[in-house]
Structure formats: structure tokens, C-alpha cells
Amino acid sequence: MDFSWNEDQLSIKESARRFAQDRLQPEYQNNDNKHCFDRNVLKEMGELGLIGAELSEKYGGLELGYVTAGLIVEEISRADFNMAYIQLLAGLNGGIIEQFAQPHIAADWIPRIISGDALVAIALTEPSAGSDAANLKLKAERKGDVFVLNGEKTSISLAAQADAAIVFTRTGTAEEKAKGISAFLVPLDDPNIERTHFDDIGETIVGRGSLFFDNVEVPVENMLGGEGLGFIQVMQGFDYSRALIGLQCIAAAEVSVEESWEYAQGREAFGKKISKFEGVSFPLAEGETFIEAVKLLCYKTLWLRDQGKKHTAEAAMCKWWAPKVSYEIIHSCLLIHGHGGYSKDYPIQQRLRDVLGLQIGDGTAPIQKIIIAREKIGRDGVPY
Ligand SMILES: Cc1cc2nc3c(=O)[nH]c(=O)nc-3n(C[C@H](O)[C@H](O)[C@H](O)COP(=O)(O)OP(=O)(O)OC[C@H]3O[C@@H](n4cnc5c(N)ncnc54)[C@H](O)[C@@H]3O)c2cc1C
């Protein structure tokens, strides 16, 4: 087993870290009140090859592999948790488009995703279908060369600022459940699409919102994968994003631990550095242990994906465990900073709010555990 990074990985890791420290980290807290990304920063990130680096060279990607894409997510998230959504969604959605879109549609969208010119959201959740996503209702009816979309998606990241969304729709009957679902790439500049923005406690610059579709005509050629196969084919992309989410969350915890060691060595109580108290050093030592373990799990998952091996259970493990453990570590770090930790002067409270969203987004812990059980023992591990 070799746990070292190769030359190419070290080089992209270094360039991601430098860009993240110089350009992103100083703005992380300033962006806490903003509701959309600065497209110029995204373009800078794109020029450096930091968006969609795993995507095909044919479309302007670098084909650096999934492990390397994970390194970029980790480095970006250390400086700015929310900015790492850009890599995450570019990798997830760019990968789906690359695999399932018509070549000319992929050639139109992927280069713009990679350059930072286009943001693509993923729209699965509906008011009555979250965890039970196969129960979705948004209707797509074929009329000649188009499908006509009617219904609502809700809780969609980037809803108010994305240029397009991968939208999961019902093309079959409700009784068909997952088998009646098809996915489309839908440009969001259609006047028949209304968008709203939620007032969230974290991840404000990413933003969530609803998308209302009122007789929205989408060309048949915009379907991703086969008709009725949206759930079965396209959702496999989540096995990838779940490992990246793990790294995104744990990076925020790691930088919080680093700051806390430094703070604990500078702060005195009872005539000693507080780092000498086990009540301070042990939670940080535990945090270091969890960080190491989570990273190993996430990179192993990405390595399995690079090897073309099955990684559904591992991805679900990343998704339920990393956001939870990261939240707990960041919480400990906040407490170690005493009264100052509760103030907005430090970024720790913002990381806590931002990371919390991913205990829900992309599927809650119980749903991930059902996936793990299903992968291990089949339908006997599923409650329905
Ligand atoms: C920050 C954030 C970003 C998001 N981004 C997106 C996005 O970009 N695109 C998108 O489509 N969606 C997105 N979502 C929505 C997210 O995927 C859903 O909120 C999530 O899947 C849960 O669905 P729900 O909110 O409807 O909860 P419900 O499904 O109603 O669940 C409510 C509670 O019941 C529990 N529960 C449900 N079923 C079971 C079960 N079988 N066993 C045990 N417990 C169960 C859940 O764990 C949860 O605690 C985002 C959400 C958040 C918070």
C-alpha cells in the first residue's frame, strides 16, 4: 500500500492550497451574507484547472482522476467550505453530463462548467419527496420533439444562481416508482421557470431554493440516459459526490483543529497554557484521529472509483459519518476558543453552520445506513 501523493497530485494540491489561502480564505467570512458566488473568482479557479479536473480532456478537463479531484476539494474547503461546492457540483454534474448527455450537449456545457462560466445544479428533492426520492411527482410529458415539465423542485442548492439544472422528472406512472423517472438537463433561463431563495442558517452563498416549472418545454435530446432510467443510471453519480462531501466537511474540521491547537498554546488559565489540560488537548487529539480515519475512508472510496470498482457502500459511509464527525469536531473547537468562539470574529461558528447542512443535503444519515445495509445483505436490509 502506498499512501503518498504522486508529483502531479502534489503540484495541483499546492496550487489549490495557494489559491485557496490567498484568494478564498480572506473572503470566507465576508461571503457569509452573500447569496451568489462571484463569477470572476470562479473563472480564476477555472483558469487554474481547479474545477472539473477529473473530467475528460475532450471537453477541457485534465482527466486527473477522482482521488486528485478529492485533493482539490479538500484544499479549497480548508479555506472556504462553500467554494468547495463548485468542485463538488462540477464533478458530479459534469460527470453525469459527460456520461449521459448527447455529445453536442456535453460539448456545449462541460467546457463552460470547467472554465467557471456555468453553474449546474442538481434537482431531485420535491416538497413531498426527500428521502423517499423515488416518489417524486414533477411531470414530464412528451409532445413531439419536446417534453413539457410541470411541478416543483425544492431545497435545491444554487437554485437562484445556476445556469442549468439536472432535473429528475416522472415520465412514467407513479406506480412505476424509480423505474418511471427520467433526468433532463434543463437551462434555467426559461421564463416559465420561477426560482426562490431560502433564508438558511449556513451555506448562504451557495443558497437553496425552489424551482417551479410551468409548462417548460425541454427538447427530447436533453434527456440524460435512457427514458425511465434517470434514477437507476444517473443517480449513481451520488456515489462520487458523497466521498467528496466527506472531504469537504472534514477539511473544515481539520483547519478548525489546527486553529485550536494554536489558540490553546497561546491562551493561559490557572497559570498554564490551556493546551496542557487534558480537557482541551484530548478532544483535539480525538479530532485528529477522526480526521485521519475519515480521510482514509474518503480517499479509499475515490480510489475504488478510479479503479472502476464498486464503492456504493463506502460512499454512503463517507456521507453519513464525515459531516457528523466534522460537526462534532468543529463544535469542540468552538468551545476551546471560550467566549470568543461564540462570536462572529472567528470563522469556527460559520463552519459549524455550513457543515451542518450536509448532515441533511445529499441524504440524511439513516438513508445512508439503509444503503450500506442494502449493499451488505440486499433487500433484507431495507425497511420497505
Ligand atoms: C444544505 C442542503 C442542500 C441540499 N441540496 C440539495 C440539492 O442540491 N438538490 C436536491 O435535490 N436536494 C437537496 N437538498 C435536499 C436534501 O437532499 C433532502 O432534504 C434530504 O434528502 C432529506 O429529505 P427531506 O428534507 O424531505 O426529509 P424527509 O425525507 O422528510 O425526512 C425527515 C426525517 O425523517 C428521517 N427519515 C426519512 N425516512 C427515513 C427512514 N426510512 N428511516 C429512518 N429515518 C428516515 C430523515 O432522516 C429525516 O431526519 C439539500 C438539503 C440541504 C439541507
Side-chain angles (χ1 to χ4, degrees), residues 92-106 109 120-157 159 162 164-188 190 192-195 210-242 312 315-316 361-364 366-368 370-371 374-375 378-384:
L92 170 64
N93 296 329
I96 290 172
I97 295 168
E98 190 175 291
Q99 198 179 352
F100 297 112
Q102 302 280 341
H104 68 282
I105 291 179
W109 282 95
V120 179
I122 188 141
L124 176 65
T125 305
E126 296 185 4
S128 59
S131 305
D132 187 9
N135 195 29
L136 65 83
K137 295 188 174 59
L138 191 143
K139 193 88 194 133
E141 279 178 296
R142 181 145 188 183
K143 290 203 174 136
D145 291 340
V146 297
F147 276 86
V148 180
L149 273 52
N150 278 291
E152 178 186 350
K153 291 290 173 189
T154 196
S155 186
I156 308 306
S157 299
I166 293 172
V167 182
F168 291 83
T169 68
R170 183 153 300 285
T171 45
T173 62
E175 291 68 40
E176 285 176 293
K177 285 239 153 194
K179 289 185 184 132
I181 292 173
S182 306
F184 293 90
L185 181 63
V186 183
L188 293 179
D190 189 310
N192 290 355
I193 300 173
E194 198 189 318
R195 319 190 200 189
S210 292
L211 299 169
F212 297 91
F213 296 77
D214 181 13
N215 286 318
V216 175
E217 293 188 356
V218 180
V220 171
E221 63 178 15
N222 280 38
M223 187 181 278
L224 299 167
E227 184 166 347
L229 295 177
F231 216 73
I232 294 138
Q233 291 179 331
V234 180
M235 274 189 58
Q236 281 173 12
F238 289 7
D239 284 350
Y240 178 38
S241 56
R242 286 175 178 156
T312 301
D362 204 89
T364 60
I367 301 309
Q368 306 308 320
I370 290 170
I371 293 170
R374 186 196 66 204
E375 290 299 303
R379 300 302 306 173
D380 282 350
V382 179
Y384 25 78

Provide the closest heavy-atom pair for [X] versus [Y] in the form atom of the first, atom of the second, distance.
{"X": "A165", "Y": "L211", "answer": "CB-CD1, 4.4 Å"}
{"X": "G228", "Y": "S182", "answer": "N-OG, 2.8 Å"}
{"X": "T154", "Y": "P127", "answer": "CG2-N, 3.5 Å"}
{"X": "D239", "Y": "A315", "answer": "O-CB, 3.1 Å"}
{"X": "F168", "Y": "G230", "answer": "CE2-O, 3.5 Å"}
{"X": "W109", "Y": "A164", "answer": "CH2-CB, 3.5 Å"}

Say you draw a straight line from [atom1] of [X] to [atom2] of [Y]; how long is it, rounded to the nearest 0.5 Å?
{"X": "L124", "Y": "L136", "atom1": "CG", "atom2": "CG", "value": "6.5 Å"}
{"X": "I166", "Y": "I96", "atom1": "CD1", "atom2": "CD1", "value": "4.5 Å"}
{"X": "D362", "Y": "L92", "atom1": "CG", "atom2": "CG", "value": "7.5 Å"}
{"X": "F100", "Y": "I105", "atom1": "CZ", "atom2": "CD1", "value": "14.5 Å"}
{"X": "L224", "Y": "Q102", "atom1": "CG", "atom2": "CD", "value": "9.5 Å"}
{"X": "T169", "Y": "F184", "atom1": "OG1", "atom2": "CZ", "value": "4.5 Å"}

With a 4.5 Å cut-off on side-chain heavy atoms, are [Y] and [X] touching?
{"X": "V186", "Y": "F147", "value": "no"}
{"X": "F213", "Y": "N150", "value": "no"}
{"X": "I370", "Y": "Y384", "value": "yes"}
{"X": "F238", "Y": "I122", "value": "yes"}

Determine yes or no for a side-chain-to-main-chain donor-acceptor pair under 3.5 angstrom, with [X] supplying the side chain and [Y] the backbone.
{"X": "R379", "Y": "G381", "result": "no"}
{"X": "N192", "Y": "N215", "result": "yes"}
{"X": "T171", "Y": "I181", "result": "no"}
{"X": "E217", "Y": "D145", "result": "no"}
{"X": "E152", "Y": "S210", "result": "no"}

Would you mind listing every salt bridge (Lys or Arg N to Asp or Glu O under 4.0 Å) that reaches into residues 166-181, with sequence neighbours excluded? D132-K177
What verdict does the side-chain contact (heavy atoms from CB on, under 4.5 Å) test give for L185 and V120, after you've listed the backbone C-alpha separation in whole Å, the side-chain angles of each residue and the deciding distance to 0.1 Å? CA-CA 9 Å; L185 181 63; V120 179; 4.2 Å; yes
Starting from the C-alpha separation in whole Å, work towards a yes-or-no answer on side-chain contact (heavy atoms from CB on, under 4.5 Å) for R195 and I156. CA-CA 10 Å; R195 319 190 200 189; I156 308 306; over 6 Å; no
Output every pair passing side chain to side chain donor-acceptor pair (under 3.5 Å) with a member in residues 221-232, not counting sequence neighbours, ordered by first then second residue. H104-E221
Residues pairing under side chain to side chain donor-acceptor pair (under 3.5 Å) where one sits in residues 122-131, two or more places apart or in two chains, turn out to be E126-K153, S128-K137
